[in-house]
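So the structure is just underneath, and the comments pick up after that.
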Amino acid sequence: MSLGHMEVTALLEPCGKENHPDCGIRDVLARVGDKWSVLVIVELASGIRRFRELQRAIDGISQRMLTLTVRRLERDGLVTRSVFPTVPAQVTYELTDLGSSLTHLVKQLADWSLAHREDIANSRADYDVANPDHTIH
């Protein structure tokens, strides 16, 4: 391990103590770290979207899960929901400034995932061969 890496790691203390400065990390990661929130943020990074546009763009998300996800993101101040008085009502979603500030981090994560996708697939295959009876998926 490099000295630089050890120095960075040494600055991070485990969370769990009352009033620990990093305890907010768990709460934030629970929200922005779930797959649906990340995918909604990625989609909204391109601009304002209607509910159905989001649903069509995010493969596999149910109407209920999308509703919960955008409400949670709205509650956290990451997404703004606008309702227009039409029949039927038109609802749009867009990132707030706070939500937009996450997009560069999400892009870095996506770039890292793409760059290491093959490495992770190879590691999984090696693990599966070495541990044929495992139940990890």
Requested in this report: Please name all residues satisfying side-chain hydrogen bond (donor to acceptor under 3.5 Å, both in side chains) with Thr92, sequence neighbours left out, ordered by chain then number.
Outcome: none
Output a table of donor-acceptor pairs, distance under 3.5 Å, between side-chain atoms of residues 34-46 and any protein atom two or more places apart or on a different chain; print 'none' if there are none.
| residue | atom | partner | partner atom | Å |
| --- | --- | --- | --- | --- |
| Asp34 | OD1 | Trp36 | N | 3.1 |
| Asp34 | OD1 | Ser37 | N | 2.9 |
| Asp34 | OD1 | Ser37 | OG | 3.4 |
| Asp34 | OD2 | Ser37 | OG | 2.8 |
| Ser37 | OG | Arg31 | O | 3.0 |
| Glu43 | OE2 | Arg49 | NE | 2.9 |

Query raised in the report: Which residues, ordered by chain and number, are linked to Ile136 in its hydrophobic cluster, where ILVMFWY side chains connect at heavy-atom gaps below 4.5 Å, directly or through other members?
Result: Tyr127
With a cut-off of 3.5 Å and sequence neighbours excluded, list every side-chain donor-acceptor pair involving residues 59-74.
| residue | atom | partner | partner atom | Å |
| --- | --- | --- | --- | --- |
| Ser62 | OG | Met65 | N | 3.0 |
| Thr67 | OG1 | Gln63 | O | 2.9 |
| Thr69 | OG1 | Met65 | O | 2.7 |

**Report entry** Set of side-chain hydrogen bond (donor to acceptor under 3.5 Å, both in side chains) partners for His134, sequence neighbours left out
**Finding:** Asp128
Query raised in the report: Honestly curious: do Val83 and Leu54 fall in one hydrophobic cluster under the side-chain, below-4.5 Å linking rule?
Result: yes
Report task. Flag yes if more than 12 heavy atoms outside Asp97 fall under 6.0 Å of its CG atom; otherwise flag no. Result -> no
Requested in this report: To the nearest 0.5 Å, tell me how far Ile48 CD1 sits from Ser82 OG.
Outcome: 7.0 Å
Report task. Answer yes or no: is there a donor N or O on one side and an acceptor on the other, between the side chain of Thr80 and the main chain of Thr96, under 3.5 Å? Result -> no
Requested in this report: For residues Ser100 and Leu95, report the shortest heavy-atom separation together with the two atoms involved.
Outcome: OG-CB, 3.6 Å
Query raised in the report: Nearest 0.5 Å, what's the CZ-CD distance between Arg52 and Gln90?
Result: 13.0 Å
Query - Donor-acceptor under 3.5 Å (Gln108 side chain, Leu105 main chain) - result: no
Listed pairs under 3.5 Å, donor-acceptor, residues 110-123 side chains, sequence neighbours left out:
| residue | atom | partner | partner atom | Å |
| --- | --- | --- | --- | --- |
| Asp111 | OD1 | Lys107 | NZ | 3.2 |
| Asp111 | OD2 | Lys107 | NZ | 2.9 |
| Trp112 | NE1 | His116 | NE2 | 3.3 |
| Ser113 | OG | Leu109 | O | 2.9 |
| His116 | ND1 | Asp119 | OD2 | 3.2 |
| Asn122 | ND2 | Glu118 | O | 3.3 |
| Ser123 | OG | Asp119 | O | 3.1 |

Requested in this report: Check whether any side-chain heavy atom of Val91 lies under 4.5 Å from a side-chain heavy atom of Arg81, and answer yes or no.
Outcome: yes
